[in-house]
Amino acid sequence: MHDPANSLLFDLIKRRSVTPDDAGCQDLIAARLADLGFVSETMVFGDVTNLWARRGSGAPLFCFAGHTDVVPPGDLGEWQSDPFEPDIRDGHVYGRGSADMKSGLAAMVVAVERFLADHPGHPGSIAFLITSDEEGRARDGTLKVIETLQARDEKIDWCVIGEPSSHAELGDVVRIGRRGSLSGMLEVRGVQGHVAYPQLADNPIRRFAPVLAELHGIVWDEGNDYFPPTSFQVVNIQSGVGAPNVTPAQLSARFNFRYSTEWDHHRLKERVHVILDAHDIDYQLDWHLSGEPFLTPPGKLIDAVSQAVKEQTGRAPELSTGGGTSDGRFISPAGADVVELGPISASIHKINERVKLDDVGTLASMYQRVLELLLASS
Ligand SMILES: [Zn+2]
């Protein structure tokens with residue numbers, strides 16, 4: 001017999017929830033939660049289905065968050081088993097979403113079932129915020145649910161996200177924040193001309209080169225206790241008309257900041273514009289903000305998660321702010337403490353994605369312990 005968390009994981013993998021399709025995963029979870037006394041609301045925005053389920057009305061409000069959508073499987077011929085048929089080999093469960101992040105979802109549900117069996121009248125409330133739009137545009141998912149909750153003054157105090165945070169072993173790393181991500185799309189305009197008559201043209205490559213050097217020369221910050229130094233990277237530059245004797249009329253460049261809490265996007269943008277304006281160039285710059293940096297300060301949530309991990313593994317987790325963005329960027333600004341704790345991330349988004357069979361039940365035990373530490377002993 002499998003651990004109940006694994007059984008639920010298998011049922012979730014079988015639902016082909018390629019982003020943003022939920023494929024019935026949320027109905028399955030909502031049915032389990034209804035049996036426990038949760039009141040579920042399905043929030044549909046665009047083509048995205050979200051689930052907000054809450055049990056209790058008092059504070060503090062503890063929330064489990066996650067996503068049911070998965071990235072496409074890729075070349076089916078390269079998979080050793082059907083990505084939507086859970087397959088057990090060498091102590092692992094294989095399937096798309098097994099690590100990112102259906103095992104996290106399964107562990108949360110089972111953790112709450114066990115916690116409520118022991119503490120049916122606990123103080124505070126428990127909620128689930130589940131979206132099917134994390135791997136896609138992330139516009140109609142967690143962001144919109146949080147806006148809805150804010151509009152009716154419903155506030156999350158503590159949030160655990162089941163994203164795959166672990167490196168080599170379950171619980172070795174938990175995320176307590178994320179860097180911000182800001183992209184710039186720059187266009188520099190000049191005048192096209194014959195390469196032999198530069199005085200009659202205005203080459204945007206020549207004008208942009210010193211700007212690029214200056215941007216690369218800046219030490220944006222030294223990082224701080226929780227974040228590595230802010231990084232500026234150019235990801236694309238395009239110019240030229242294709243002929244060797246013509247200088248181009250325009251240049252486009254795309255760059256990205258991964259930034260620490262030493263900055264916010266307003267100040268970063270301002271700094272870049274000051275540099276551009278100091279050079280004599282004709283430009284247009286469009287920005288895209290993926291998320292501001294966030295950090296959960298030391299406190300009850302981090303203590304509880306650290307202790308729960310330590311009890312299961314014998315070691316306290318590393319508290320990290322590394323990695324890409326997550327939906328924590330939407331939940332944290334609403335005033336919640338947010339920690340990400342989930343399985344090993346090594347295979348996520350890859351062919352033959354997998355999770356260790358034993359880790360799913362252990363993760364459920366960790367989540368259950370977090371609930372006990374925060375809601376049973378207060
Ligand atoms: Zn994920």
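Keep in mind the model is a prediction, meaning the values are calculated, not measured. Excluded from the calculations below are hydrogen atoms, water molecules and symmetry mates; all remaining heavy atoms, backbone and side chain alike, are included. Ligands are counted one by one from 1 in listed order, and the atoms in each one are counted from 1 as well.
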Worksheet entry | Check: Phe257 ring centre within less than 6.0 Å of Trp263 ring centre | no
Discussion item. Ser103: which residues meet the side-chain contact (heavy atoms from CB on, under 4.5 Å) condition with it, sequence neighbours left out?
Written reply: Leu9, Pro343, Val355, Val360
Worksheet item: Relative to Phe38, does Arg54 satisfy both conditions: NZ or CZ under 6.0 angstrom from the six-membered ring centre, and within 45 degrees of the ring's axis?
Response: no
Worksheet, complete the sentence: Restricting Glu163 to its N/O/S atoms, the closest one to the Zn ion (ligand 1) is OE1
Discussion item. Taking N, O or S atoms only and a limit of 2.8 Å, check whether Glu135 reaches the Zn ion (ligand 1).
Written reply: no
Worksheet entry | Metal site the Zn ion (ligand 1): N/O/S of Asp100 inside 2.8 Å | yes
Item to complete: Fit a plane to each ring of His216 and Phe232, take the angle between them on a 0 to 90° scale, and name the class: parallel (under 30°), tilted (30 to 60°) or perpendicular (over 60°).
Response: perpendicular
